[in-house]
Amino acid sequence: MELLFMAVSLLLMGLFFFLFLSKWNEIVFQRKGLPPGTMGWPFFGETHEFLKLGPNFMKRQTTRYGRIFKSHILGSPTIVSMDPELNRYILLNEAKGLTPGYPKSMLDILGQRNIAAVYGSQHKFLRKNLMSLIGAPLVKDRLLPRIDKYMRLHLSNWDAMVIDIQQKSTDMAFLIGFTQIVESELSSIYDVFKAEFDKLVIGSLSLPINLPGMSYYRGFKGRKNVVKMLRQLIEKRTASPATTYDDMLEHLVRDDALNDEEIIDQIITILYSGYETVSTTSMMVVKYLHDNQQALEELREEHFGIRRRKAAGEPVDWDDYKSMRFTRAVVLETLRLATVINGLLRKATQDIILNGFLIPKGWKIYAYTREINYDPILYPEPLKFNPWRWLDKNLESHNYCLLFGGGGRLCPGKELGIATVSTFLHYFVTTYRWEEIGGEKIVEFPRVEAPNGYHIRVMKL
């Protein structure tokens, strides 16, 4: 009887402790005026559900609590907004009590001085510096010829092969980005650098648990090795002022506007932002074109029209790129439908009231922009791949087109990214036809990816 009593007591104590833990975040972060919602477990919050369920988690919480709700994700108490008007306000009003609020894992791994982490005068300074490297005038005069050169090299031997287009797109995006930054040292460090950078990318969106085996631990270790290699390159070039190079690193080192730490974080930012967006968009555009032969044929005709105007082997130039009207529409529709970017994080620097709710100082606010991409009023038949909708130029500039961010945070590499994917499409669709091998699963969140790869059989036209 006594043992039974002890067992029941321990069971009740365990149940009480379990309930106490489940309510801990609710107690610690309790404030009057907060939106409704749940906070999950201590430290972990609702991160697991957020990362695992993604859009379904968001829809469930919205159904229960409305378009603005509280949660605890990626290590921080967070207000989630799925309200288009509020999200636009958040993106356009950074100075009014809101600053970049990226999670600790991203700040630690991408660097405290990366352009996404800073604000105010420092952000304007870094943005100006970044635009001098990857802005549209630079794409036209310097970057596009190199993109063309390495794109042709990358796609040159795919005939009669079964390839994982996800892996090929990832390799392509990194190769194009890395050659823009350090072309001359490419062969000596490329493979080692990419292996470490891949760890960095995976760890950038994870819980900041610095223990062996965790994504954050591997990502932070990857960053250390990437920083070490970049520092060695900077020291080598600084020690040899008479030797000049034709790449971004040369511009950054000789310009003297940034210190070494800022140069390193700027390089990591350029590689990271282009790497994920370009590779994912390239994979998904192949998928969507395979499933929509009408779009593929119109795209092909646009690019064969360009080839007919050029000599054999003549590279794509800026005028060719600007003439790719349907191609741009295809790229924008892919970005919309695949939703490569799900939202943006901000941090409250003071207690503020938005839409009648309190956002306490230090809390994050997640402007979840994904659902805007599927708004049937903005995009009739939103789940249909319809690039023709973007031939209306007003669509790209409308108030709720947030594919590249908005306001002062509009992606500085927008034109570079579109030009890279457009060049990939130019050589891919004028050289090859393809068919899917199997029906591999593609997951949408937190990254768009095919866990087992996306395999296609490629044949020359």
- prompt: Do the two ring centres, one from Phe174 and one from Tyr190, sit under 6.0 Å apart?
  reply: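 Centroid separation for Phe174 and Tyr190: below 6.0 Å.
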Determine yes or no for a side-chain-to-main-chain donor-acceptor pair under 3.5 angstrom, with [X] supplying the side chain and [Y] the backbone.
X      : Y      : result
Thr420 : Ile418 : no
Arg88  : Leu402 : no
Thr179 : Ile176 : yes
Arg370 : Asn342 : no
Thr281 : Val278 : no
His154 : Lys168 : yes
Asn87  : Tyr368 : yes
Ser71  : Thr78  : no
Tyr374 : Leu337 : yes
Asn373 : Thr339 : no

For [X] and [Y], work out which heavy atoms get closest and say how close.
X      : Y      : result
Leu110 : Asp265 : O-OD1, 3.6 Å
Arg218 : Lys199 : O-CB, 3.6 Å
Pro100 : Val118 : CG-O, 3.4 Å
Ser105 : Ser206 : OG-O, 3.0 Å
Ala117 : Leu107 : CB-CD2, 3.3 Å
Trp390 : Asn386 : CD1-O, 4.3 Å

Kindly indicate whether the side chain of [X], heavy atoms from C-beta on, has any atom under 4.5 Å from the side chain of [Y].
X      : Y      : result
Leu91  : Leu344 : yes
Leu144 : Asp148 : no
Ile267 : Leu230 : yes
His398 : Leu378 : yes
Asp375 : Pro382 : no
Phe385 : Val330 : yes

Test ring-ring contact (aromatic ring centres under 6.0 Å, His included) applied to Phe178 and Phe197, step by step: CA-CA 11 Å; Phe178 199 66; Phe197 199 84; 8.6 Å; no
We want to know whether [X] and [Y] form a side-chain donor-acceptor pair, criterion being a heavy-atom distance below 3.5 angstrom.
X      : Y      : result
Gln180 : Tyr150 : no
Tyr366 : Arg346 : no
Thr38  : Gln61  : yes
Glu436 : Tyr454 : yes
Gln266 : Asn129 : yes
Tyr102 : Asn114 : no

message: Can you classify the ring geometry of Phe69 versus Phe57 as parallel (below 30°), tilted (30 to 60°) or perpendicular (above 60°)?
response: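 Geometry flag for Phe57 against Phe69: perpendicular rings.
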field: Ring geometry between Phe424 and Phe428 (parallel below 30°, tilted from 30 to 60°, perpendicular above 60°)
entry: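 Taking Phe424 first and then Phe428, their aromatic rings lie parallel (interplane angle under 30°).
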task: Please test Arg113 against Glu261 for salt bridge (charged side-chain N to carboxylate O under 4.0 Å, His left out), starting from the C-alpha separation and ending with a verdict.
output: CA-CA 8 Å; Arg113 298 174 185 82; Glu261 287 72 23; 5.4 Å; no
message: Would Arg146 and Asp247 count as a salt bridge (charged side-chain N to carboxylate O under 4.0 Å, His left out) here? Give the steps.
response: CA-CA 10 Å; Arg146 192 171 291 167; Asp247 54 32; 5.9 Å; no
Residues, nucleotides or ligands: over 12 heavy atoms within 6.0 Å of [X] [atom1]:
X      : atom1 : value
Lys414 : NZ    : yes
Arg457 : CZ    : no
Tyr119 : OH    : no
Lys364 : NZ    : yes
Glu435 : CD    : yes

- request: Evaluate the side-chain contact (heavy atoms from CB on, under 4.5 Å) criterion for residues Tyr321 and Thr423: first the C-alpha distance (whole Å), next the side-chain angles of each, then the deciding distance (0.1 Å), finally the verdict.
  value: CA-CA 8 Å; Tyr321 166 61; Thr423 308; 5.9 Å; no
field: Residues that Asp198 engages under salt bridge (charged side-chain N to carboxylate O under 4.0 Å, His left out), provided they are two or more places apart
entry: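 Partners of Asp198 by the salt bridge (charged side-chain N to carboxylate O under 4.0 Å, His left out) criterion, ordered by chain and then number, come out as Lys194.
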message: If the threshold is 4.0 Å, N to carboxylate O, is there a salt bridge linking Asp246 and Arg142?
response: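 A salt bridge links Asp246 with Arg142.
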query: Is a salt bridge present between Lys228 and Glu196, judged by a nitrogen-to-oxygen distance below 4.0 Å?
result: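 Salt bridge absent between Lys228 and Glu196.
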message: Could you go through Leu143 and Met248, starting from their C-alpha distance and side-chain angles, then the distance that decides it, and tell me whether this counts as side-chain contact (heavy atoms from CB on, under 4.5 Å)?
response: CA-CA 10 Å; Leu143 305 184; Met248 289 183 190; 4.0 Å; yes
query: Tell me, which pairs form a salt bridge (Lys or Arg N to Asp or Glu O under 4.0 Å) where one or both residues lie in residues 55-69, sequence neighbours left out?
result: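 Applying salt bridge (Lys or Arg N to Asp or Glu O under 4.0 Å) to every pair that reaches into residues 55-69, excluding sequence neighbours, yields Glu49-Arg60.
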- prompt: Would Glu250 and Arg254 satisfy salt bridge (charged side-chain N to carboxylate O under 4.0 Å, His left out), going step by step from the backbone distance to the final call?
  reply: CA-CA 6 Å; Glu250 178 73 1; Arg254 304 301 176 204; 3.0 Å; yes
- prompt: Does Arg237 make a cation-pi contact with Tyr245, if we ask for NZ or CZ under 6.0 Å from the ring centre and within 45° of the axis?
  reply: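 Cation-pi check for Arg237 and Tyr245: passes.
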- prompt: Does the pair Glu333 and Arg328 meet the rule for a salt bridge (charged side-chain N to carboxylate O under 4.0 Å, His left out), with working shown?
  reply: CA-CA 9 Å; Glu333 180 70 349; Arg328 189 179 188 89; over 6 Å; no
